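What follows is a short report on a single structure.
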Amino acid sequence: MNPAHTMNCPADTLLTEGRPSDADGADTTECAGGYLFIVNPNSRSGMGQKLWESVEPVLRERGIRYQVFFTKYQLHAVSLVKKLTSDLNRHTIVVLGGDGTINEVVNGITDLSRVTLGYIPTGSSNDFARSLGLPTDPLTALDHILRPSRYLSVNIGVLTYDNKSRRFAVSSGMGFDAGICHEAMISRVKAVLNKIRLGKLTYVGIALKQILSLTPGELTVTLDDSRRLHFKKAYFATAMNLRYEGGGFKFCPDADCQDDLLDIIVIFGLSKLKLLTLLPTAYKGWHTRFTGVDIFTCKKIEITSESALPLHTDGEPILRQTHAVMTLESDTLRVIACNGRR
């Protein structure tokens, strides 16, 4: 694949129409100065393809220079973006997909400081867009991307486990919330609910099921290598870079992706009945009033469990682990934002 030579110029000066490209072997030199679209056609159970078909005519009508890459399998966006950004030139990457696609793209970027990210949310949870106040209507989102007036320098998290590492944009957690993500990935109900635009209810249903079968255990949480905390009967511990996860649960209402800190939530010591009562209040952030909900801020968190627990980054499941560390990258990612929406 030939490297892309991008120009740092405003969108309205990009007047040469691009062409759709297949995948790994694309010649990115034809996209010099233009937009690189990463499209997950299967997001929201196939709606991604239909939404792209509504977006592309606008690009052609406006004479926008662009190139599009369709993801074909899990982690495909990681390899695509690695190749596209390996030249270390400046790129504007636009993601059309869900939080999982955002996660893959972030993990593929070679140098965060050389990339500007635009986002057209088409997933079932869309917590990245919700937290940043980005529009969910595809054409409105596209218009903001093509005529940007505001940018955010967004922190990006890093999960380290079993001598491996993976970035996250929204959150990374161990325990109950990760177990929901694991089951959602294989849920047939999710596909059905996505088709009627109720995909986030998948997480509510699975959460209820998980609570009934879950046995809480002991967790040790160490903050910034100095403060060690032990939690009995713990359900989960999660590092939040943004306020929302799991389709709208406002687990850390004060999380700020620009403050160089992670917000940590630990839920522990509750009966299952009380946990069932608590969860609905998390949509408004009112769960923080309950005993058994602790929130901290730090630059680094280490989580240790007596037994192997589910682990996730941005809702993408990872094999069960007993130990995980979450920190922040030293570089931030520039994200195209909207005026007055955050």
Side-chain angles (χ1 to χ4, degrees), residues 1-41 43 48-72 76-97 101-102 104-106 108-122 128-129 132 134-154 333-339:
M1 181 175 70
N2 294 328
H5 303 288
T6 61
M7 297 178 292
N8 189 9
C9 53
D12 56 4
T13 67
L14 303 178
L15 301 177
T16 303
E17 182 177 289
R19 63 170 177 84
S21 168
D22 196 31
D24 298 334
D27 182 353
T28 59
T29 57
E30 292 191 23
C31 197
Y35 297 88
L36 302 174
F37 281 81
I38 304 295
V39 176
N40 180 356
S43 59
Q49 178 66 44
K50 294 179 181 179
L51 292 174
W52 169 249
E53 290 169 0
S54 71
V55 165
E56 188 174 35
V58 177
L59 297 174
R60 293 183 177 276
E61 180 181 323
R62 295 191 186 185
I64 300 298
R65 185 179 297 163
Y66 71 96
Q67 196 167 9
V68 58
F69 301 86
F70 295 97
T71 61
K72 297 180 179 179
H76 191 193
V78 177
S79 59
L80 284 172
V81 174
K82 276 184 180 177
K83 291 181 180 180
L84 291 167
T85 61
S86 62
D87 57 12
L88 300 182
N89 286 330
R90 294 192 180 277
H91 295 281
T92 298
I93 297 175
V94 181
V95 178
L96 191 150
T101 312
I102 284 284
E104 291 191 17
V105 167
V106 165
I109 296 173
T110 304
D111 184 344
L112 292 170
S113 68
R114 308 292 289 178
V115 170
T116 296
L117 183 75
Y119 184 39
I120 301 174
T122 64
F128 185 79
L132 296 183
L134 303 179
T136 55
D137 175 74
L139 296 183
T140 303
L142 178 65
D143 190 60
H144 280 282
I145 291 165
L146 298 181
R147 296 190 293 180
S149 58
R150 181 169 174 251
Y151 299 91
L152 295 174
S153 295
V154 172
L333 177 65
R334 190 169 83 151
V335 177
I336 299 172
C338 302
N339 282 325

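Keep in mind the model is a prediction, meaning the values are calculated, not measured. If you read the sequence from its start, that first residue is 1, and numbering goes on from there.
Nearest heavy atoms, I336 versus G118: CD1-CA, 4.2 Å. Closest approach of H76 to E104, counting heavy atoms only: N-OE1, 3.4 Å. The minimum heavy-atom distance between L134 and A337, with the atom names listed, is CD2-CA, 4.0 Å. Residues G48 and V39 come closest through the heavy atom pair O-CG1, 4.5 Å.
Taking OG1 from T122 and CD from Q49, the interatomic distance works out to 11.0 Å, rounded to the nearest 0.5 Å. Separation of atoms CG (L152) and CG (L132) is listed at 6.0 Å; rounding is to 0.5 Å.
Counting heavy atoms from C-beta outward, V55 and Y66 have side chains that stay 4.5 Å or more apart. Taking 4.5 Å as the limit, every side-chain heavy atom of L51 sits out of range of all side-chain heavy atoms of I120. The shortest side-chain heavy-atom distance between L59 and F37 falls under the 4.5 Å cut-off. When side chains are defined from C-beta on, F69 does not count as touching V81, because their heavy atoms never get closer than 4.5 Å.
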**Request:** Decide side-chain hydrogen bond (donor to acceptor under 3.5 Å, both in side chains) for N40 and S43; before the verdict, give the C-alpha distance in whole Å, the side-chain angles of both, and the deciding distance to 0.1 Å.
**Result:** CA-CA 6 Å; N40 180 356; S43 59; 4.8 Å; no
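Partners of T110 by side-chain hydrogen bond (donor to acceptor under 3.5 Å, both in side chains), not counting sequence neighbours, listed by chain and number: T85. Applying the side-chain hydrogen bond (donor to acceptor under 3.5 Å, both in side chains) rule to S113 yields the partners D111; only residues at least two apart in sequence or on another chain are considered. In this structure, the side-chain hydrogen bond (donor to acceptor under 3.5 Å, both in side chains) partners of D143, at least two apart in sequence or on a different chain, are R62, R147.
Y119 places no side-chain N or O within donor-acceptor distance of the main-chain N or O of I145, the cut-off being under 3.5 Å. Formation of a donor-acceptor pair under 3.5 Å by the H144 side chain with backbone atoms of P135 is not found in this model.
Looking at V115, L80, L84 one by one, the single match for side chain to side chain contact (heavy atoms under 4.5 Å, CB included) with L36 turns out to be L84.
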